[in-house]
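See structure below.
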Amino acid sequence: MAEWRRTHNCGELRQEHAGQTVVLNGWANSYRAYPDQVFVDLRDRYGLTQIVLESDRAEMFAVAQEIRDEWVLSVRGKVRERLPNKHNPKLATGDIEVLAEELIVLNRCPTPPFEVMSIPLETGFGDPELAGEDLRLQYRYLDLRRPSLQRTVALRHRLNKVIRDYLDQERFLEVETPLLGRSTPEGARDYLVPSRVWQDEKTGKPFWYALPQSPQLYKQLLMVAGYDRYFQIARCLRDEDLRADRQPEFTQLDLEMSFVEQNDVLTLVERLIAEIFQKCAGATVPLPLPRLPYDKAMLQYGSDKPDLRINGMEIVEVSDWAGSTEFRVFKDVVATGGRVRAINMKGAVTKFTRKQLDDLTPFVQQYGAKGAAWIKVEADKFTSPIEKFIPASAQMELRGRVAAADGDVIVFVADKEGVVCQALGHLRAHYAGHVGAANYAPGNFQLAWVVDFPSFIWDDEEKRWVANHHPFTAPRDEDLAVLESDPAKVKAKAYDLVINGYEAGGGSIRIHSPEVQGRMFAMLGMSPEQARQRFGFLLDALKFGAPPHGGIALGLDRLAMILSGTANIRDVLAFPKNQKARDLMTGAPAPVDAKQLRELGL
RNA sequence: GGGGACGUAGCUCAAUUGGUUAGAGUACCGGACUGUCGAUCCGGUGGUUGCGGGUUCGAGUCCCGUCGUCCUCGCCA
């Protein structure tokens with residue numbers, strides 16, 4: 001058989017190669033057939049090159065006429081400059097073409113279930129008439145041929161490489177930790193793996209491994225072991241319901257450092273982040289990143305991951321004002337310890353119909369609020385269903401409080417504080433684009449650290465304090481004194497990296513003192529025995545000389561989403577699962593043989 | 001577990017809001033064409049309107065159930 005292996009790829013030939021004999025391999029991206037000529041655009045990862053096959057080679061030409069989309073071809077031929085006026089500026093290789101002298105069909109392809117690509121790579125990012133996502137997931141290997149997916153796969157590679165290069169330079173060691181571990185009670189549901197070897201003697205049921213929700217425990221053990229700078233690009237698994245930005249298995253950059261305080265971690269990581277944005281998106285991120293206290297984020301933006309691309313539209317506390325109006329809903333909420341807060345949507349009067357204003361109520365009801373009140377601020381009056389409950393003096397005061405000008409729309413939510421935050425936070429994020437308050441231009445990245453998270457949150461159902469982050473997160477030194485007496489006031493040495501409204505990562509300084517760790521477990525309602533049973537090995541390790549340490553985990557899938565400008569996490573994974581955690585290509589999860597189950601005692 | 005949207009030709013969509021034989025683009029098949037490049041032109045094949053039931057003289061359209069996909073609340077750090 002003739003030599004068919006490529007000498008060049010489909011994206012690299014230029015005028016300077018004219019006259020050379022080359023061999024190209026690739027997929028037929030499209031074909032255009034004439035009686036005496038067939039044009040084929042040959043595609044690989046690197047680009048498209050036009051092949052011309054002519055009828056003077058009768059045997060070859062007969063085959064060429066059969067070529068259809070996605071056939072795999074090898075073409076030997078001579079590079080030549082295209083005829084005058086026949087250059088194609090849409091193609092990087094558009095100044096040349098390859099006149100085929102020999103054609104080898106490496107593989108035929110049936111008509112694909114959907115059109116892979118009819119548009120040249122360089123002409124646009126969006127693929128027109130993209131087939132349904134479930135169909136594309138079923139034939140993922142075809143979908144992955146599309147340039148936009150090839151770009152994100154390449155981006156993931158680059159992201160990983162930038163991370164490894166940077167952390168290597170910073171003396172970090174990449175260490176792998178087990179996939180098969182022990183289930184721990186806190187946090188998300190585990191994916192479980194039965195043990196064939198270890199079974200309960202009485203029942204014959206297997207014991208279980210758990211797949212890691214994160215390498216959290218291991219990285220702390222590595223710190224105890226003296227590996228003072230560790231990282232891992234680690235797969236994590238959580239058996240919870242999915243969202244557009246969540247997969248059952250996902251990838252974190254997990255890192256941990258010894259002998260550091262919070263600011264050491266933030267400084268090192270934000271330099272890494274700036275490097276990532278520079279090298280993966282060509283974007284310059286100014287350092288240091290803003291540090292935004294959690295309380296301020298919740299008050300102003302109603303979210304612990306605010307989208308800072310939104311200008312203004314900040315939430316204003318008006319509970320005291322609301323209590324002085326005649327509006328019953330406001331008065332009752334304030335009287336029962338709730339909050340009334342407002343957002344001023346600048347210039348929004350002309351942007352909302354009456355119906356759209358009334359639709360604010362069902363919108364906030366998604367988040368548990370009873371409704372949203374609104375006021376149109378016009379020349380010298382308020383227009384609103386609740387206008388009659390607001391005396392003139394209160395109207396004047398409100399204008400000042402929310403800096404209202406004519407043409408603005410003020411929106412209120414009155415409820416328990418948590419509900420108000422969530423409702424107004426989502427309202428702000430949802431309507432910012434509508435009222436033109438946001439700059440969502442591609443390449444606009446707004447990053448910040450959110451710091452000073454509460455250590456504990458009160459679980460109303462279980463009537464106890466639960467760890468906001470996890471039970472190993474260190475409280476701030478100055479809050480240790482009130483750990484037991486006023487837990488609501490205790491802030492943690494915990495931090496989240498927030499980018500464009502996404503939580504891109506989070507971490508904390510860990511407790512390294514067994515004494516403090518004991519107090520923490522006690523606060524969480526865990527007896528020493530229970531704590532020992534659940535985390536005994538870690539508590540033992542901490543006793544054996546644990547250094548002060550802390551770290552962070554960055555969600556690399558989300559980071560890749562942000563860098564590539566997609567809102568769909570499946571776009572940045574080679575082989576994603578769908579929203580019900582199914583792999584539509586392989587059919588997983590699937591039943592297994594009875595024999596396998598018997599061996600496992602199931 | 002709850003809420004919402006969607007499901008029509010291989011693919012992407014339409015069908016005047018319950019009315020005759022369900023259309024278009026693309027793909028595919030055949031033909032025409034000496035340079036195309038999202039080729040063009042002519043012709044053709046292709047439909048259990050996701051599935052099951054119901055209402056009606058009549059259902060792609062309305063109702064109930066079910067399956068699937070996406071978004072979302074709960075959940076998840």
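All chains are named by letter (A, B, ...) in the order of the sequence lines, taking the proteins before the strands, and each is independently numbered beginning at 1. What you see is a predicted model; the values in this text were computed from it and never measured.
- Whole-Å rounding puts the A:Phe39 CZ to B:rC37 P distance at 9 Å.
- Between the side chain of A:Gln517 and the backbone N or O of A:Pro471, at least one donor-acceptor pair lies under 3.5 Å.
- Taking the six-membered ring for Trp, A:Phe363 and A:His430 have ring centres closer than 6.0 Å.
- When both pairing distances are held under 3.5 Å, B:rU49 makes no Watson-Crick or G-U pair with any nucleotide shown.
- Remark: the separation of the P atoms in B:rG65 and B:rA9 is 25 Å, to the nearest Å.
- The ring of A:Trp71 has its center no closer than 6.0 angstrom to the ring center of A:Trp27.
- Distance A:Glu54 CD to B:rU34 P: 14 Å, rounded to the nearest Å.
- Across B:rG35, B:rC37, B:rC28, the shortest atom-to-atom separation from the side chain of A:Arg68 is found for B:rC28.
- Residue contacts shown for A:Tyr31 are limited to sugar-phosphate atoms, with no base heavy atom under 4.0 Å away.
- Using a 4.5 Å cut-off on side-chain heavy atoms (C-beta onward), A:Gln220 and A:Leu538 make contact.
- Comparing B:rU61 with B:rA15, their C1' atoms sit 10 Å apart, to the nearest whole Å.
- Sequence order on RNA chain B of the closest nucleotides to A:Pro35 and A:Lys86 puts A:Pro35 first from the 5' end.
- The closest side-chain heavy-atom distance from A:Arg68 to A:Thr111 is not below 4.5 Å.
- Here, B:rU69 and B:rG31 have their P atoms 42 Å apart, quoted to the whole Å.
- In summary, the side chains of A:Asp254 and A:Tyr230 do present a donor paired with an acceptor at a separation below 3.5 Å, with no hydrogens or angles considered.
- Residue-to-nucleotide contacts include a donor-acceptor pair under 3.5 Å from the side chain of A:Arg82 to the base of B:rC37.
- Rounded to whole Å, the C1' atom of B:rC11 lies 11 Å from the corresponding atom of B:rC28.
- Here B:rC70 sits opposite B:rG4 as a Watson-Crick or G-U wobble pair (both hydrogen-bonding atom distances under 3.5 Å).
- With sequence neighbours excluded, the residues satisfying side chain to side chain contact (heavy atoms under 4.5 Å, CB included) with A:Arg243 are A:Asp245, A:Arg246.
- In this structure, the CG atom of A:Asp41 is 16 Å from the P atom of B:rG35, given to the nearest Å.
- A:Asp69 places its CG atom 11 Å from the C1' atom of B:rG38, with the value rounded to the nearest Å.
- Because its glycosidic torsion is more than 90° from 0, B:rU72 is reported here as anti.
- Put simply, CG on A:Asp56 is 13 Å from C1' on B:rU34, counting in whole angstrom units.
- The same atom, P, is picked in B:rC42 and in B:rA22; the two are 24 Å apart, to the nearest Å.
- One N or O donor and one acceptor, one from the side chain of A:Gln50 and one from the base of B:rU36, sit under 3.5 Å apart.
- Between the CG atom of A:Leu268 and the CG atom of A:Asn263 there is a distance of 11.0 Å, given to the nearest 0.5 Å.
- Across all strands shown, B:rU56 remains unpaired; no Watson-Crick or G-U wobble contact has both distances below 3.5 Å.
- Using a 4.5 Å cut-off on side-chain heavy atoms (C-beta onward), A:Gln37 and A:Glu54 make contact.
- With hydrogens and angles disregarded, no donor-acceptor distance shorter than 3.5 Å links the side chain of A:Asp452 to the backbone of A:Pro293.
- If you take CD of A:Gln365 and C1' of B:rG2, they are 15 Å apart, rounded to a whole angstrom.
- The partner of B:rG23, taking Watson-Crick or G-U wobble pairs whose two distances both stay under 3.5 Å, is B:rC13.
- Atom P of nucleotide B:rU36 and atom CG of A:Leu53 are separated by 17 Å, given to the nearest angstrom.
- In this structure, A:Phe521 and A:Phe535 have parallel ring planes: the angle between them is below the 30° cut-off, well short of the 60° mark.
- Going from the C1' atom of B:rC64 to that of B:rU56 covers 16 Å, rounded to whole Å.
- Within 4.0 Å of A:Ala553, counting heavy atoms only, lies no atom of the nucleic acid at all.
- Pairing for B:rG43 goes to B:rC29, judged as Watson-Crick or G-U wobble with the two contacts each under 3.5 Å.
- A:Leu48 places its CG atom 11 Å from the P atom of B:rG38, with the value rounded to the nearest Å.
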Q: Go along nucleotides 68-77 of chain B 5' to 3' and tag each nucleotide: B for a protein heavy atom under 4.0 Å from its base, S when only backbone or sugar atoms are that close, - otherwise.
A: SSBBBBBBBB

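- Between A:Tyr34 and B:rG35, a side-chain N or O to OP1/OP2 separation shorter than 4.0 Å is present.
- Base pairing of B:rU36 is not made with any nucleotide, judged by Watson-Crick or G-U wobble geometry with both donor-acceptor distances under 3.5 Å.
- B:rG46 and B:rA27 have their C1' atoms separated by 11 Å, with the value rounded to a whole Å.
- Between A:Glu70 and A:Arg145 there is a salt bridge, with a side-chain nitrogen of the basic residue lying less than 4.0 Å from a carboxylate oxygen of the acidic one.
- An OP1 or OP2 oxygen of B:rA39 is reached within less than 4.0 angstrom by a side-chain nitrogen or oxygen of A:Arg32.
- Straight-line distance between the P atoms of B:rU40 and B:rU26: roughly 7 Å, to the nearest whole Å.
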Just the table, please: protein N/O against nucleotides 8-11 of chain B N/O, every pair under 3.5 Å.
| from | atom 1 | to | atom 2 | distance (Å) |
| --- | --- | --- | --- | --- |
| B:rG10 | O2' | A:Pro113 | O | 2.9 |

